[in-house]
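All values below come from the heavy atoms of this structure, side chains included, with hydrogens, waters and symmetry mates left out. Lettering of chains follows the sequences in order, A, B, ..., and the numbering in each one begins at 1.
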Amino acid sequence: MTALRNRGIRPALLVGFLFLIALAVAGCSSGKQSFQFDGGKFVEDLNPTSPGVTGVIYLTVIISVIAQALGVLLGVLAALGKMARLWPLRLIANVYIWFFRGTPLLVQLAFFYFGFGAAHLWGWSDVTINGFFIPGAIQAAMVILGVNEGAYMAEIIRAGIMAVDPGQTEAAKSLGMTYRLTMTRIVLPQAARVIIPPLGNEFNNMLKTTSLISVLGVVETYNHYVILQGGDFRPFEAYAACALWFLLLTTIWGFIQSRIESRFSRGTSTLSSGQSGPQNPGFAARLMSLRAPIEQ
Amino acid sequence: MNTTTGDLLGAIGGVPRPETDVVVDARDVNKYFGRLHVLKDVCVQVKRQETVVIIGPSGSGKTTFIRCVNHLEKIQSGRIFVNGHLIGYREAGGGAKLVEDKEKNIAAQRQEIGMVFQRFNLFPHMTALENIIEAPIHVRGMNRDEAVAIGRALLDRVGLAAKEKVFPNQLSGGQQQRIAIARALAMKPALMLFDEPTSALDPEMIGEVLEVMKELAREGMTMIVVSHEMGFAREVANRVVMMDDGVVVEEGAPEQVFSAPTQERTKAFLSKIL
């Protein structure tokens, strides 16, 4: 087992090495296609101090966090709605999930922003909150991403709630807890253990999915590089830089995620309190080995 | 036996006084699971400070019955009163019809009824002490220091003072069940229900749990115990109720039921189990 884990470092190195080779080949294959990889241009595109770069990265992160938070909130409501005793609540939750999982996000973005705007159903006007100017398109992006995400989170959260032993609910009830207390104090904290790993994956997805909101005209990370390569006709350098930025964001998130996961495993270890135990190898260990991530 | 038990009720400020002499009064309770008639006109009374042990073969409805007493199960007809209050329902149409009570009222009624489960059902994301103080703080609105003081006293009395900060997963079944008893007691209930509290335990751990229950009975807690522990019933019960096929077959003092059962079904059951 230990030997396997030690050898596991190789695949990660291999992947990095292949990436460098790909770049080198791209740079050298200039013979027939007359393409010259412009290293200086690439570094400039990547450089966080280049104009606009830091801003769009922040924007991507902020939109992702807000949309995901909204998604979790709506997901909890939709999950509880789906399990409600009253049929109208179940109907509303089911229709919501059905629609937003059944249509492409790109279509939802266009429909609820351009379509609703044109039909005068809902206009997204720019607002200023505490001195922060928030354009209508960015509000629309956060809301639509969040509402879409909620439909996916609903199923994840419902599965998490159903994974909690029914005996827990009975014990809580027998102590005189109301439905609300039972959910907030007993069921959801335990469901969180089951929910957190897929929630982490959802957020990883969210970081990347924000690139779609470029169709609303929002200049986030992807759109920044679209515009950049439109100006200098160097798409290879621009999109390589763009990909690396997203890779950096999702990698940082991976580290944060494994921290959160080990925190939420409180009480699951039979070894000693406060330790995550060997069942949670941590992100670095996962990155360095080919072992399947535990959450799948 | 390394557990030192004693003065369990002292830890919660004495014997909680039930408001009536008859703490549990179940009248003609009928319960169906779909078409299956699981409780048939069940009548059981439990007086203040009495310990009643319900015995009977599996599927006889004894567990279902005590789950009805704190309304974890609905009933289709009959009335169950605890402390003189109708449990889980209010009467409508001049007392002819039962309408399920509001969730909030049912929750309030359950505060007075402690329950201990076969599979312990401790909250795994909380330490032993947190399990005990959870409901007193969030349901009773007790201040934290007071709840912690009571929780520590209870842990001490069930012989687990050293396990305060330990999570349930790291405890043995017997230890978990003793904490579950402490958790129920921390709400200062007027009545305790035990649903086969030793059935999921390894044999060597049964004694430590029964010891705590015996102590509780001695101190005057009103209890209904569903159990296969005939030794416990003989020693502690004021009354033994024999159920079979959803019917109370017979009831009486333990020596009478065990030594001179009047019903054939009781004799048949006892001959298998003793």
Name the member of Arg140(B), Glu134(B), Met187(B) that forms the most heavy-atom pairs with chain A at distances under 4.5 Å. Glu134(B)
Per the salt bridge (charged side-chain N to carboxylate O under 4.0 Å, His left out) rule, what does the pair list look like for residues 73-93 of chain A, sequence neighbours excluded? Lys82(A)-Glu155(A)
Quick one, Met115(B) and Glu170(A) - any side-chain contact, counting heavy atoms below 4.5 Å? no
For each of Lys104(B), Gln109(B), Arg183(B), Arg119(B), tally heavy-atom pairs with chain A at distances under 4.5 Å, and name the one with the top tally. Arg183(B)
ring-ring contact (aromatic ring centres under 6.0 Å, His included) involving Tyr96(A) - partner list, sequence neighbours excluded: Phe100(A)
Side chain, backbone, both or neither: which part of Leu181(A) has a heavy atom under 4.5 Å from chain B? side chain
Determine whether Arg110(B) and Lys173(A) make a side-chain contact, defined as any pair of heavy atoms from C-beta on separated by less than 4.5 Å. yes
His138(B) side, atom NE2; Ile186(A) side, atom CD1 - distance, nearest 0.5 Å: 9.0 Å
Taking side chain as C-beta onward, heavy atoms only, is Met126(B) less than 4.5 Å from Pro189(A)? no
Between Leu171(B), Leu193(B), Asn121(B), Val116(B), which residue shows the highest count of heavy-atom pairs closer than 4.5 Å to chain A? Asn121(B)
Phe123(B) versus chain A, the contacting section by heavy-atom distance below 4.5 Å: both
With only heavy atoms counted, which part of Ile113(B) is less than 4.5 Å from chain A, the side chain, the backbone, both or neither? backbone
Donor-acceptor check, side chain of Asn70(B) to backbone of Ser174(A), threshold 3.5 angstrom: yes or no? no
What part of Leu122(B) gets closer than 4.5 Å to chain A, counting heavy atoms only: side chain, backbone, both or neither? backbone
